[in-house]
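Sending over a structure as structure tokens; questions will come in a sec.
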Amino acid sequence: HQPLYTDPHAVARVCRALSYVLTDKPFVIKIGYIADELLLEEILCAAAYNGASGVTSMNSISMQILTNDQAPFFGSTRRNAGVSGHAIQTLALEQVKKIAKINREKNLNLSIIAVGGIMKPHDFKKFLRAGATLALSATGFMFNPSLAQEYQQIEQHERAQSWLTQEEKYALIVSLY
């Protein structure tokens, strides 16, 4: 059986039901990785045309996890597991770019919440530049509880630098010596 988020008709039905129940309240749907760009477009259109305000993409990716001997890592009863963290960043970033492109071209006005592989402070910016409205991390915070604070410090530093003219930056550098 396929995940619900891969069926445009199911996504439309769920979004219609949520719109009816939530009336004027915004809601987002969460989708996993969708390699087929045409299917991704259908899913996004189904969500937007039926009341969704945004989309969260993506979570862990189900993959077969094998030992060095090619045996299932978690035993024969559990061949697949959800892979998250840096290992899925490339796919997550690729999907955000596709969603942003479709969102723009189809004028869907969906907010894009990016998750998947954000492990370091500069990773947030990668996803925001790719078109995400918001970027979140879970696995990154497990390994670095100060991740958000480090990102904010970098952002504050960059903002402080951006309002200075080139001459002021030079004067600041010289004055530090």
Side-chain angles (χ1 to χ4, degrees), residues 3-6 11 14-15 18 22 25-37 40 43-44 47-48 52-68 72-74 78-104 108-166 168-169 172-173 175-177:
L4 180 72
Y5 67 81
T6 62
V11 169
V14 168
C15 289
L18 286 169
L22 297 173
K25 293 179 181 71
F27 67 91
V28 299
I29 63 165
K30 187 173 186 181
I31 62 173
Y33 181 68
I34 301 172
D36 181 338
E37 195 166 337
L40 180 59
I43 300 297
L44 296 175
S53 304
V55 61
T56 299
S57 172
M58 55 186 233
N59 207 4
S60 59
I61 298 177
S62 180
M63 294 181 180
Q64 196 174 69
I65 310 298
L66 304 174
T67 65
N68 291 339
F73 183 84
F74 296 106
R78 185 168 179 201
R79 299 188 69 78
N80 285 20
V83 176
S84 59
H86 185 74
I88 66 167
Q89 185 184 94
T90 301
L91 290 176
L93 195 55
E94 171 190 309
Q95 180 145 304
V96 167
K97 289 176 184 176
K98 287 180 189 176
I99 292 170
K101 178 180 174 254
I102 294 166
N103 196 31
R104 213 174 26 257
L108 300 177
N109 297 315
L110 291 168
S111 293
I112 303 168
I113 302 169
V115 295
I118 298 174
M119 302 295 293
K120 299 190 181 303
H122 67 271
D123 293 338
F124 287 105
K125 193 163 275 187
K126 286 182 193 176
F127 283 85
L128 295 170
R129 286 184 176 151
T133 311
L134 182 66
L136 306 175
S137 178
T139 306
F141 286 111
M142 288 192 289
F143 291 99
N144 179 2
S146 301
L147 184 60
Q149 182 181 6
E150 290 173 16
Y151 172 72
Q152 287 300 321
Q153 288 171 343
I154 291 168
E155 281 296 298
Q156 287 172 352
H157 177 73
E158 287 180 3
R159 271 195 298 270
Q161 295 297 312
S162 68
W163 61 267
L164 296 174
T165 66
Q166 194 61 39
E168 290 169 326
K169 287 179 187 176
L172 181 62
I173 293 168
S175 70
L176 294 175
Y177 287 103

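A quick note: this is a predicted structure, and the numbers were derived from the prediction, not measured.
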Legend entry - NZ/NE/NH1/NH2 to OD/OE distance under 4.0 Å, Asp123 and Lys126: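 Result for this pair is yes, salt bridge flagged.
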Legend entry - Gln95 to Ile34 - nearest heavy-atom pair and separation: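 It is OE1-N, 2.8 Å.
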Inset, instruction - Taking atom NZ of Lys120 as the centre, report whether more than 12 heavy atoms of other residues, nucleotides or ligands fall under 6.0 Å from it. - result: no
Inset, instruction - Identify the two heavy atoms, one from Gly54 and one from Leu110, that lie closest to each other, and give their separation to 0.1 Å. - result: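 Gly54 and Leu110 have their closest heavy atoms at N-CD2, 3.7 Å.
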Legend entry - Ile118 backbone acceptor or donor facing Ser137 side chain under 3.5 Å: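 Yes, Ser137 side chain to Ile118 backbone: donor-acceptor pair under 3.5 Å.
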Inset, instruction - Any chance you could measure Leu128, atom CG, to Leu134, atom CG, to the nearest 0.5 Å? - result: 7.5 Å
Legend entry - Exam field: side chain Lys98 to backbone Ala35, donor-acceptor pair closer than 3.5 Å: yes
Inset, instruction - Measure across Tyr151 and Lys125 and return the closest heavy-atom pair with its distance rounded to 0.1 Å. - result: CE1-N, 4.3 Å
Inset, instruction - I would like to know whether Lys97 and Glu94 meet side-chain contact (heavy atoms from CB on, under 4.5 Å); could you show each step before the answer? - result: CA-CA 5 Å; Lys97 289 176 184 176; Glu94 171 190 309; 5.8 Å; no
Inset, instruction - Check the pair Thr6, Asp36 against side-chain contact (heavy atoms from CB on, under 4.5 Å), reporting the backbone distance first and the verdict last. - result: CA-CA 10 Å; Thr6 62; Asp36 181 338; over 6 Å; no
Legend entry - Heavy-atom closest pair, residues Ile43 and Tyr5: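 Looking at all heavy atoms of both residues, the closest pair is CD1-O, 3.1 Å.
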Inset, instruction - Taking Asn103 for its side chain and Ile99 for its backbone only, find out whether a donor-acceptor pair lies under 3.5 Å. - result: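 Looks like no, no N/O pair under 3.5 Å.
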Legend entry - Closest non-hydrogen atom pair, Arg78 against Pro72: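 Looks like O-CB, 4.5 Å.
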Legend entry - Within 6.0 angstrom of Phe73 CZ, more than 12 heavy atoms from elsewhere: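 Not more than 12 within 6.0 Å, no.
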Legend entry - Heavy-atom closest contact (Gly131 atom, Ala100 atom, distance):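 For Gly131 versus Ala100, the nearest heavy atoms are CA-CB, 3.9 Å.
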Legend entry - Greater than 12 external heavy atoms within 6.0 Å of Phe74's CZ: yes
